[in-house]
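A quick write-up on the structure given underneath.
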2 protein chains.
Amino acid sequence: MATLNDVAKVAKVSISTVSRVVSGSDLISKATVERVKRAMDEVNYHPNAVAKSLANNMRTKILGLVLPRDTYGVYHNQFFMDAMSGITKCAQERGYYIMNAYQGKENNHTSIRDMIKSGWIDGAILTTVEDDDQNVKYLEQKDVPYALIGTTANGKHAISVDNDNIKAMDDVCQMLIDKGLRRLALICGDRKFIYNKHRYTGYENALDRNGISVDDDLIVVCEDDFMHGYNAMKKLSNMHIDAVVTTDDILAFGAIQYMNERNSNIPITGFNNTMIAETFCPHLTSVDIMAEKLGYEACRMLIDRLENGQFDDKRMKQVETMIVHRKSTESIGSL
Amino acid sequence: MATLNDVAKVAKVSISTVSRVVSGSDLISKATVERVKRAMDEVNYHPNAVAKSLANNMRTKILGLVLPRDTYGVYHNQFFMDAMSGITKCAQERGYYIMNAYQGKENNHTSIRDMIKSGWIDGAILTTVEDDDQNVKYLEQKDVPYALIGTTANGKHAISVDNDNIKAMDDVCQMLIDKGLRRLALICGDRKFIYNKHRYTGYENALDRNGISVDDDLIVVCEDDFMHGYNAMKKLSNMHIDAVVTTDDILAFGAIQYMNERNSNIPITGFNNTMIAETFCPHLTSVDIMAEKLGYEACRMLIDRLENGQFDDKRMKQVETMIVHRKSTESIGSL
DNA sequence: GTGAAAGCGCTAACAA
DNA sequence: TTGTTAGCGCTTTCAC
């Protein structure tokens, strides 16, 4: 690998001159810039990032990315892959690299702490946060800048990016109400997750605004999986309802399964716009939570903070969601 | 951040002594080792990886991980997340870090070339390889060690890890034949993918060995998606068959959908053991391709090569698959 | 056993 | 406009 020195020799200038050309300084004559550039081509020079970092007060332009130790469910895999894509897209634009770490204290997976101790990273992005999160605690303590996706930050230096889940569910309900459907059932996942709590609120808001009373018999709260969706639908099946909204595609799939078995067919919606929602019948109307955008924005805000050097303010950004309309809300039926 | 110097001052030794203690040299008296260790604790010393790399002839112990530009389908997300998990697990054990890159030449995603040029990585792991792959070409040309997952390597220095797809499908068929099912239909994905070609061969092998003639009318080759699985099953529906084997869960799901609509019910198997295979009805018997293990082994072999410095031999390792038995092959029916 | 000193490739004063 | 020089934190000869 060619170094500054090699270029300097060929161009017959000092290494600082070459360094200046590389960093695009404008206090250099056109002539030498030309000469140096030709020399760089000749020896095939590429700046060495390791040496640069050492000289630059240890700024590596590498960010640590925290992923979940276990993936749980289809949606989650897709979410993390999409978020990663957005993150690296932004990182690439800003000249940063992403290094992978995993949540949790087990020592059989790379952790963000190791990266910080060894000085590899300038900051961290968390895609997954536990209650009383150890990583957050550590990052705060070490004053390492970080950004969170999908969770309200509790750390005092946190940057976070999330959907407006209240509005998202409100929009879904309004869309159905606009079709003339008024008796909306809700299948809601575990409310220990903030997003489920917010989606629940969104449902209430939409009904209230439209003068529809919230009927507790039309609401089932359960765990976030297929069978619970199925059972929830079973419970709802003897109610008079016009449509079903759910807080997760997987719940919707369970509910659809039950309806299919009964040859019944009510408009239904999901959340997360998983790939199965595109392929399985009936094609499910679902809310796209824009995972890629969430990742992109988290990364962008973190880099902004790193480069502006303001570590004191807490910031929170909301990313718009989008309803993807499919067949499951086209036909209008009633149980 | 504390440096060697800080420790040296506290312990009242030279920095080379501290360096020796850190690297576990044994030519040092017990007494000083003790003293230095206490000093390290006192100032909370952690070796700086950037400086270490610079001094160590640019070995960073970072590996580049190439991911697909677009994820396509549920299975794929799960595959990559699992492979990543295995990779980082191994990397952690060996003291390496993983940096993310993306396939393809578009400049809106970090590429492996940038990482190599800037000197960040010691080697690369490719989870996805295109025909006439640009990354492989570049890695070969630059003599950067690399490992491939799930594809036969064509590069002369390549290390690769893959399933034995011939045997995997052979096992599936044998399992069904052992249940007394002899007229096995095959729904096979696009044979431009080597794994599909191999699974096809495995099907033929099993039938041959059991003295069952391969009937072309029982074989449908199609693209790897839900609708093609559905249509394939439609074609097969007027045949006399005992069971259906497929090369991908998604094909099986399509086929099941068709059967459900007809209230028919034949034993069926998938491939990839996706999470949907666990949740959707009927619970699908599927081949687990051990994505995490594939990732782990690729990483292990790459690091072995990096540390042994042998760059000349081509190596290929096969990872065992496993049939996950579920309800879809319990009931024995016939169309 | 331990220390002094050179050097890894680069940046950033300070001089000229 | 350009060159000289002193580090960044660590490893590694080479002396003692």
Side-chain angles (χ1 to χ4, degrees), chain A residues 1-40 43-62 95 115-122 307, chain B residues 1-37 39-40 43-62 95 114-122 307:
Chain A
M1 277 284 147
T3 70
L4 278 190
N5 226 316
D6 301 328
V7 180
K9 272 185 206 143
V10 172
K12 299 195 198 310
V13 291
S14 75
I15 70 162
S16 20
T17 301
V18 181
S19 176
R20 286 186 189 106
V21 172
V22 171
S23 60
S25 161
D26 50 357
L27 341 133
I28 304 205
S29 73
K30 297 249 172 197
T32 39
V33 169
E34 265 312 301
R35 203 143 43 88
V36 169
K37 287 204 163 162
R38 264 202 305 280
M40 295 199 308
V43 302
N44 192 25
Y45 173 78
H46 292 290
N48 183 285
V50 176
K52 195 175 198 164
S53 302
L54 226 211
N56 266 336
N57 199 24
M58 305 275 91
R59 292 300 211 99
T60 56
K61 293 197 158 205
I62 299 176
M115 292 182 182
I116 290 167
K117 284 189 221 156
S118 54
W120 276 131
I121 62 173
D122 293 347
E307 301 194 336
Chain B
M1 277 285 147
T3 70
L4 279 189
N5 224 318
D6 300 328
V7 180
K9 272 185 207 144
V10 172
K12 296 196 200 311
V13 292
S14 74
I15 71 162
S16 14
T17 301
V18 181
S19 175
R20 288 188 186 103
V21 172
V22 171
S23 60
S25 160
D26 50 357
L27 336 137
I28 304 206
S29 73
K30 297 248 170 198
T32 39
V33 169
E34 266 311 302
R35 204 143 41 87
V36 170
K37 287 203 164 163
M40 294 199 311
V43 302
N44 191 25
Y45 173 77
H46 293 288
N48 182 284
V50 176
K52 196 175 196 165
S53 302
L54 187 54
N56 268 335
N57 199 24
M58 306 275 90
R59 292 298 211 100
T60 56
K61 293 197 159 207
I62 300 177
D114 297 330
M115 292 182 180
I116 291 167
K117 284 190 220 156
S118 55
W120 276 130
I121 62 173
D122 293 348
E307 301 194 336

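Basis for what follows: all heavy atoms, side chains included, without hydrogens, waters or symmetry-related copies. In what follows, chains are A, B, ... by sequence order, proteins preceding strands, each numbered from 1.
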Whichever of B:Met58 and B:Ser16 has its nearest DNA chain C nucleotide further upstream toward 5' | B:Ser16
Which is true for B:Thr32 with a 4.0 Å heavy-atom rule: it touches a base, it touches only sugar-phosphate, or it touches nothing?
-> sugar-phosphate
Ranking C:dT11, D:dC10, C:dA4 by distance to the side chain of B:Arg20, first place goes to C:dA4
With a 4.0 Å cut-off on heavy atoms, is A:Thr3 in touch with a base, just the backbone sugar-phosphate, or nothing at all?
-> sugar-phosphate
Choosing from D:dT2, C:dC10, D:dG9, which nucleotide comes nearest the side chain of A:Lys52?
-> C:dC10
What integer distance in Å separates B:Asn48:CG from D:dG7:C1'?
-> 15 Å
Quick one: which of D:dT11, C:dA4, D:dG9 gets closest to the side chain of B:Ser14?
-> C:dA4
B:Arg59 CZ to D:dT12 C1': how many Å, rounded?
-> 17 Å
Whole angstrom value for the distance that separates P of D:dG9 from OH of B:Tyr45 = 10 Å
Quick one: on DNA chain C, does B:Ser29 or A:Val50 contact a more 5' nucleotide (nearest heavy atom)?
-> B:Ser29
Crowded around B:Lys61 NZ? As in, over 12 foreign heavy atoms under 6.0 Å?
-> yes
Pick one: which of B:Val13, B:Val18, B:Val22 meets side chain to side chain contact (heavy atoms under 4.5 Å, CB included) with B:Val7?
-> B:Val18
Answer yes if the side chains of A:Ser19 and A:Ser16 hold a donor-acceptor pair under 3.5 Å, and no otherwise.
-> no
Which nucleotide, D:dT11, C:dT11, D:dG9, lies nearest any side-chain atom of A:Asn56?
-> C:dT11
Mark yes or no for whether A:Asn48, through its side chain, and A:Ala51, through its backbone, hold a donor-acceptor pair below 3.5 Å.
-> yes
Rounding to a whole Å, what distance do you find between B:Leu54:CG and D:dG9:C1'?
-> 9 Å
Nearest-Å distance for atom pair CD1/C1', residues A:Ile15 and C:dG9 | 8 Å
Grab the NZ-C1' distance between A:Lys12 and D:dT2 for me, whole Å please.
-> 17 Å
Tell me what A:Leu4 touches on the nucleic acid: a base, only sugar-phosphate, or nothing, going by heavy atoms under 4.0 Å.
-> base
Taking CD1 from B:Ile28 and P from C:dT2, how many angstroms apart are they, rounded to a whole number?
-> 6 Å
Are there more than 12 heavy atoms of other residues, nucleotides or ligands under 6.0 Å from atom NZ of B:Lys37?
-> no
Euclidean distance, atom NZ of residue A:Lys9 to atom P of C:dG9 [Å, nearest integer] | 11 Å
